[in-house]
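Data first, discussion second: the structure below is written as structure tokens.
Computed from a predicted structure; not experimentally measured. Order of the sequence lines sets the chain letters (A, B, ...), proteins ahead of strands, with each chain counted from 1.
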Amino acid sequence: MSKMENTTSTKKDLKKHYLDKLYSTNGKPTYDYHKNKMRIRLHDKFDEVWLQYNNGKASRKEWDKALDNWLRMEQI
Amino acid sequence: MTFEEHGIYLTSTGGQEKTKCPQCSHQRKKGSEPCLSVNIDEGVWNCHHCGWKGGLSEKLSGLTITKPIVKPDEPKTELPESVISWFDERCISVNTLINEGIGYKNRWIQFPFYKNGEVVNVKSRTADKKFRQEKNAEKCFYRIDNVKGMETIIITEGEMDALSLVECGYNNVISCPDGAIAPGTKPSDRKFSYLLSAEDELMNAKMVILAMDDDAPGQAMRDELSRRIGREKCCRVTYPEGCKDMNDVLVKHGQDRVVEIITEAHPYPIEGVISVKDVTEDAIDLLLKPDHKGLSTGWVCLDGHYRISPSEVTVITGVPNMGKSEWMDALMINMVQDYSWKFGIFSAENFPVKHHLLKLVGKFSGSAFWGDDKLTEETARNSMAVLDDYIKFIGTQEDSITIESILDQARVLNFRYGLNGLIIDPWNTIEHKFRQGESETNYVSRVLAMLNTFAKVNELHIWIIAHPRKMEMDNNRKPVVPSGYDISGSANWFNKTDNVITIHRHKDDDEDYVGVHISKIRFQYKNGIPGKGKLGYDVKNGKYYEYQERFKEALFG
């Protein structure tokens, strides 16, 4: 398997992992200003970390943590 | 005898110097290694290789023979063409050499030191920077006669720099006879004995411009001279890039640049004092910053009265059971949710921590943490997992905690996680260690100064919750709203903190709200003006919200 194929495969795993977690999360709608603000920020942070991960500037652990933080906030 | 007569050749005229040993260096494999340590001031030397040691002064039974001060002859001023050319390369003209009485003898260029019209010392140098002075001659500034009665005096490190300034038209120039001092050495009074030769002139001068070399010894010399002369009247010069002294500037940039440098000499900074020039750029940055307001607390009604900026100390007071700690916790959760602020929190009244954490989770999730409709385990766990990144409890292990131990732990947390806020709740549960004979007022003043410094150095906001003294009742037998001056212990609580807030619950038949009374804001342009905000309180989840005025039937008859 070439190096390129290996990278693609990892990214596919990542996307699957992301979608699985997302679908298994029961997000609660909220009108709380502060909670919404934090949700949006943690979502933005996760997007940022994913970009960094794609560019080799963040680890998988950091990616997982950012995703968990955002999804946890969605469930609060 | 002189050092030269012992075969010791030196490049400086004072301090400590290492050079080649005349006894052993020529026989050694490492012949160029400077193994002879010479203390020029003391006139003694010691070779670390062959052990040869000696001195210039003759000591008999511990008594030093004091030699009489010798007055040297005036140097001969007939200069060979090579010397004139050497000076010319350094932009010093023949006229200046003649006027200053520069002499020459056996490859040594001689600079006569005149005092009251008489030559009292002669300093000699070679082209390759070897220096010597007349033995037992009087130590005084070079060109001391030229600054008598002058309001402005320029001091240079060496004679060539002094001549460079003379060449540019400055006559009020003197030069130190022994050059600079090695940085880090403790300058002896003997080393600076020449200062006495110009005591009256330096004391009476209104401005002294220190034009030392732009290197470490030059800076050490400048620091010591400014300390002795008085920094309030000392100015220093800034050389253009690539120039280390005044002669360099003259050679590379010409006379106009030298004049410019002297004209632009700026006051010597006084320790602990910052001039406008020093902070101009920082202030302009602040001015141009699009949003230089403090951060909102999360309650719109407080935005005009209290905003949060780093590097400040806020004290929160209030009569017991009015909700000081609750409001502080709610503010902390708002800052976490709105700005991802990280907190270190010492909250003795909320120990054990599990109770406190549950209260925080209630505020964080907006769900009740007790009663039938309390939050689920899943919500609690998710909330705690998120909060773990933002809140650290400190001071939970010690039997007695002091302000120093809180700051020590906060310092470590700040290093590891980058704190934005530190909460000390409340003041009276800390063990206060008064110094011997220290009053409570002085103690509070000292600790607040410590906290202020900590906040500024670490760029975090510190909140302290402090109880007021016993408050009197109003006409309705309800406690009056305490002010910053009512805080138990000292008026410094109001005077030495940046912001002062009182939390007070106002409850009567018509209304029931929590009043946030802001009685002091130090930086009002960014943090709001003192005033009052009204908040409602949800006892189930512990959250505060904007207070809605109650519908008043009376208004509609």
Side-chain angles (χ1 to χ4, degrees), chain A residues 7-76, chain B residues 295-303 308 327 329-343 357-358 360-369 373-391 417-418 420 535-536 538 540-546:
Chain A
T7 312
T8 314
S9 167
T10 310
K11 279 186 178 171
K12 265 187 182 171
D13 281 353
L14 201 69
K15 195 173 175 185
K16 186 176 181 304
H17 181 71
Y18 165 70
L19 290 172
D20 286 349
K21 270 206 164 182
L22 193 64
Y23 293 143
S24 66
T25 303
N26 298 315
K28 290 180 187 171
T30 180
Y31 300 104
D32 186 294
Y33 168 80
H34 304 292
K35 277 204 288 183
N36 271 334
K37 205 168 173 181
M38 192 163 193
R39 282 179 185 187
I40 293 166
R41 203 177 49 257
L42 289 176
H43 191 177
D44 289 346
K45 174 76 182 167
F46 171 61
D47 285 348
E48 197 183 302
V49 172
W50 199 337
L51 269 176
Q52 286 173 349
Y53 178 79
N54 282 346
N55 295 326
K57 290 176 181 169
S59 64
R60 175 64 189 261
K61 202 177 165 187
E62 285 168 318
W63 185 91
D64 274 328
K65 191 177 179 191
L67 175 62
D68 286 345
N69 276 348
W70 166 46
L71 293 181
R72 275 189 192 122
M73 200 62 213
E74 288 288 342
Q75 294 175 84
I76 293 169
Chain B
L295 300 174
S296 169
T297 55
W299 296 293
V300 178
C301 64
L302 295 182
D303 281 353
I308 298 162
W327 184 80
D329 284 352
L331 175 62
M332 175 174 71
I333 293 296
N334 280 359
M335 296 304 287
V336 168
Q337 291 183 327
D338 293 359
Y339 308 106
S340 294
W341 268 38
K342 293 181 178 175
F343 285 84
L357 180 58
L358 216 48
L360 293 176
V361 166
K363 289 180 174 65
F364 187 73
S365 63
S367 312
F369 58 93
D373 55 344
K374 64 182 176 186
L375 51 86
T376 61
E377 183 184 339
E378 189 195 10
T379 306
R381 285 191 183 280
N382 281 328
S383 300
M384 288 175 198
V386 176
L387 281 176
D388 187 45
D389 282 348
Y390 299 98
I391 292 173
Y417 309 107
N420 304 102
L535 296 176
D538 184 339
K540 292 290 266 182
N541 59 20
K543 278 183 85 80
Y544 288 77
Y545 50 88
E546 309 285 339

Return yes if some donor-acceptor pair links the side-chain N/O of A:K35 with the main-chain N/O of B:Q337 below 3.5 Å, else return no. no
Salt bridge (charged side-chain N to carboxylate O under 4.0 Å, His left out) partners of A:D47, counting only residues at least two apart: none
For residues B:T379 and A:Q75, report the shortest heavy-atom separation together with the two atoms involved. OG1-O, 4.4 Å
In Å and rounded to the nearest 0.5 Å, what is the CG to CD1 distance from B:L387 to A:I76? 7.5 Å
Greatest number of heavy atom pairs closer than 4.5 Å to chain A - which of B:A380, B:G366, B:S383: B:S383
Should the heavy atoms of other residues, nucleotides or ligands under 6.0 Å from NZ of B:K374 be counted, would the total exceed 12? no
All salt bridge (charged side-chain N to carboxylate O under 4.0 Å, His left out) counterparts of A:K65, not counting sequence neighbours: B:D389
Just wondering, do B:V336 and A:M38 contact through their side chains at under 4.5 Å, heavy atoms? yes
Between A:R72 (side chain) and B:A385 (backbone), is there a donor-acceptor pair under 3.5 Å? no
Show the nearest heavy-atom pair for residues A:R41 and B:Y339, with the distance to one decimal. NH1-N, 3.7 Å
Using heavy-atom distances under 4.5 Å, tell me whether A:L42 contacts chain B through its side chain, its backbone, both, or neither. side chain
How long is the span from the NE2 atom in A:H34 to the CG atom in B:N334, to the nearest 0.5 Å? 4.0 Å
Stepwise side-chain contact (heavy atoms from CB on, under 4.5 Å) test for B:K543 and A:D32: CA-CA 11 Å; B:K543 278 183 85 80; A:D32 186 294; 3.4 Å; yes
Region of B:S367 in contact with chain A, defined by heavy-atom distances below 4.5 Å: neither
Start with the C-alpha distance between B:N382 and A:E74, add both sets of side-chain angles, then the distance that settles side-chain contact (heavy atoms from CB on, under 4.5 Å), and finish with yes or no. CA-CA 9 Å; B:N382 281 328; A:E74 288 288 342; over 6 Å; no
